[in-house]
Amino acid sequence: MQRDDLPWWKKATGYQVYPRSFCDSDGDGIGDIPGIISKLDYLAELGIGFIWLSPVYRSPMRDNGYDIADYRDIAPEFGTLDDFDRLVTEARTRDIGIVMDLVVNHTSNEHDWFKKACASREAPEHAFYIWRDPGPDGGPPNDRTAIFGGPAWHWVEAVGQYYFAYFSAHQPDLDWQNPDLRAEIYDMMNWWLDRGIAGFRMDVVSLLGKDVDTDRLEEGPYLHEYLQEMHRQTLAGRDVVSVGESWAVTPRTAPLYCGRDRGELDMVFQFNHVGQGWDETFGKWKPKPFDLVRFKRVLFDWQRALTDDGWNSLFLSNHDLPRQVSVYGDDGRWRVRSAKMLAIVMHLMKGTPFVYQGEEIGMTNVVFERLDQFRDLEIEGRYAEMMAQGLAMEDFLAGANLSGRDNARVPMQWTGGPQAGFTTGTPWIEVNPNHAEINVAADRADPDGVSATYRTLAGLRRRMPVIVQGHFAPVTEDDPRVFAYTRELDGERLAVIANFSAEAIVFQTPDELVGEGECLVANAGQRTAIEARLELAPYEAFALRYR
């Protein structure tokens, strides 16, 4: 039954901005907050309801801002606090909220807290981080390795202890078991919320409850206790959204984060559908061929798990992932059509859709030929490790080009002109050469461009309760080429059908899908009926509302 009291973020379409690569206003080659402000009309026209802003805090940028040196200041290359306040105000006038990235599993090793922590064991800030004495042999407490390569424990002579850094030596982990540390974080969160932001996306949130002594890092023993406390101290009573990121969450554990009575988060970013395509030994550096059945199984399991309690986040792209059309679609002949297909399939499921900058024009992966073209800390850290495990250099480069994070971080392609219209200077990372053909100006000039489909989908979500609240039912789960499902609410019913292949196929339609109606959105011609024998063009997708 339709509800009229839904939170605003269930009816909104989110958009992730990676500030460093979005729009440079001053010609220094680095995107900035004034550049974002200059594109707010574009985002409003696209139908965006809120912007998730990747970190803009003061940082040495070893990990492009995910290593924070000051939680209450803006990195000079991005602008000032006044610029940020203007962004919030200007966005609000366009009915767009600003969602900040909350990175509180770790700080930068240049944060003032960590500098004091390294100077003396007696400093209060020493207890803000995870320290351990040497092991019995005088070395690290254990052999835990870091996400970005190398050891996770690092020696500081001045205090005679090792600190724990799960991502890199430049990103020491905070000790969430310290109530004083938690109080500092909550105070900082309230400081930003009082500035008018629309909520937080919480980086690697499932690591906050870790216990390093028992090696329980993901979804550790204290996680939900801390998230509930965080909610009470910061989010409760505010009309904001909270999204937690977790590489460990499963359909079974997700309701613990975002169940309606949990008092923790509104939704989680999960990556089960991403990881299912990775190699068991070499991970994303040697991805498996795309398998639609396996892919559908994960997404459908998540729809079922949160059908009555909790809420899904819907996405295929972000700053850590490759370009979705290059992974799940066809970035050659069928780029435009398959980019639209992916949007139709994802945005019409139950949950809140998130668009990553450039996705809405079908931006593709970039091809780098040399290691020195990459800027990603992860590639720098994992290269030697992958070589030691026996991965060939050409295979590592191929994997980095297909799955590496820099694919999402090359500059936004605004025009076909110099540097894609991103900057008048030299960009911090190379622009994809295909910007001459793939850019915002060209796509918007085409009434049948990729962004036109995104505008249609955002509008449908705002207008149609069945898309927001309707029951989700998967169809043909074992079909290796067709992705199909239905949505239904108060007697209104729609079907979504997509051909995930580069070939024209004949789909033997299940009886429950056969019928006539109104075509809501399509990428290969309007459909007014679904026949028992349905001929689908390559990468065709459409949604039909039954009469």
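Side-chain atoms are counted along with the backbone in the values below, which use heavy atoms only and exclude waters and symmetry mates. Keep in mind the model is a prediction, meaning the values are calculated, not measured. The first residue of the sequence shown is numbered 1, and numbering continues consecutively from there.
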- Would you check if the side chain of His126 reaches a backbone N or O of Ala117 as a donor-acceptor pair within less than 3.5 Å? yes
- Whether Tyr71 and His111 hold their rings parallel, tilted or perpendicular, with breakpoints at 30° and 60°: tilted
- After noting the C-alpha distance and the side-chain angles of Gln270 and Tyr257, does the key distance pass the side chain to side chain contact (heavy atoms under 4.5 Å, CB included) rule? CA-CA 11 Å; Gln270 59 84 18; Tyr257 294 84; over 6 Å; no
- Message: For Gly35, is there any backbone N or O sitting under 3.5 Å from a side-chain donor or acceptor partner on Ser38?
- Response: yes
- Check: Gln171 side chain, Tyr66 main-chain N or O, donor-acceptor pair, under 3.5 Å: yes
- Determine, step by step, whether Arg58 and Asp67 satisfy the salt bridge (charged side-chain N to carboxylate O under 4.0 Å, His left out) criterion, reporting the C-alpha distance in whole Å, the side-chain angles of both residues, the deciding distance to 0.1 Å, and the verdict. CA-CA 9 Å; Arg58 185 179 292 274; Asp67 49 330; over 6 Å; no
- Counting N and O atoms only, with roles assigned by atom type, does the side chain of Ser451 sit under 3.5 Å from a partner on the main chain of Ile361, one being a donor and the other an acceptor? no
- Nearest heavy-atom neighbours spanning Ile185 and Leu174: CD1-CD1, 4.2 Å
- Query: Any salt bridge between Asp446 and Arg444, counting N to O under 4.0 Å?
  - Reply: no
- With sequence neighbours left out, what residues match Glu110 under side chain to side chain donor-acceptor pair (under 3.5 Å)? none
- Determine yes or no for a side-chain-to-main-chain donor-acceptor pair under 3.5 angstrom, with Asp180 supplying the side chain and Glu125 the backbone. no
- Quick one: does Arg182's side chain have a donor or acceptor within less than 3.5 Å of a partner on Tyr226's backbone? no
- Message: Restricting to non-hydrogen atoms, name the atom on Phe114 and the atom on Ser108 that form the minimum distance, rounded to 0.1 Å.
- Response: CB-O, 4.1 Å
- Task: Indicate yes or no for a side-chain donor-acceptor contact from Asn312 to the backbone of Trp302 under 3.5 Å, with no hydrogens or angles considered.
- Result: yes
- Query: Can you list the residues that meet the side chain to side chain donor-acceptor pair (under 3.5 Å) rule with Asp82, with sequence neighbours excluded?
  - Reply: none
- Message: Any salt bridge linking Asp320 with Arg409? Criterion: basic side-chain nitrogen under 4.0 Å from a carboxylate oxygen.
- Response: yes
- Short N-O contact, Lys10 and Asp5, less than 4.0 angstrom: no
- Message: Please list all pairs meeting side-chain hydrogen bond (donor to acceptor under 3.5 Å, both in side chains) that have one or both residues in residues 346-358, counting only residues at least two apart or in different chains.
- Response: Trp311-Thr352
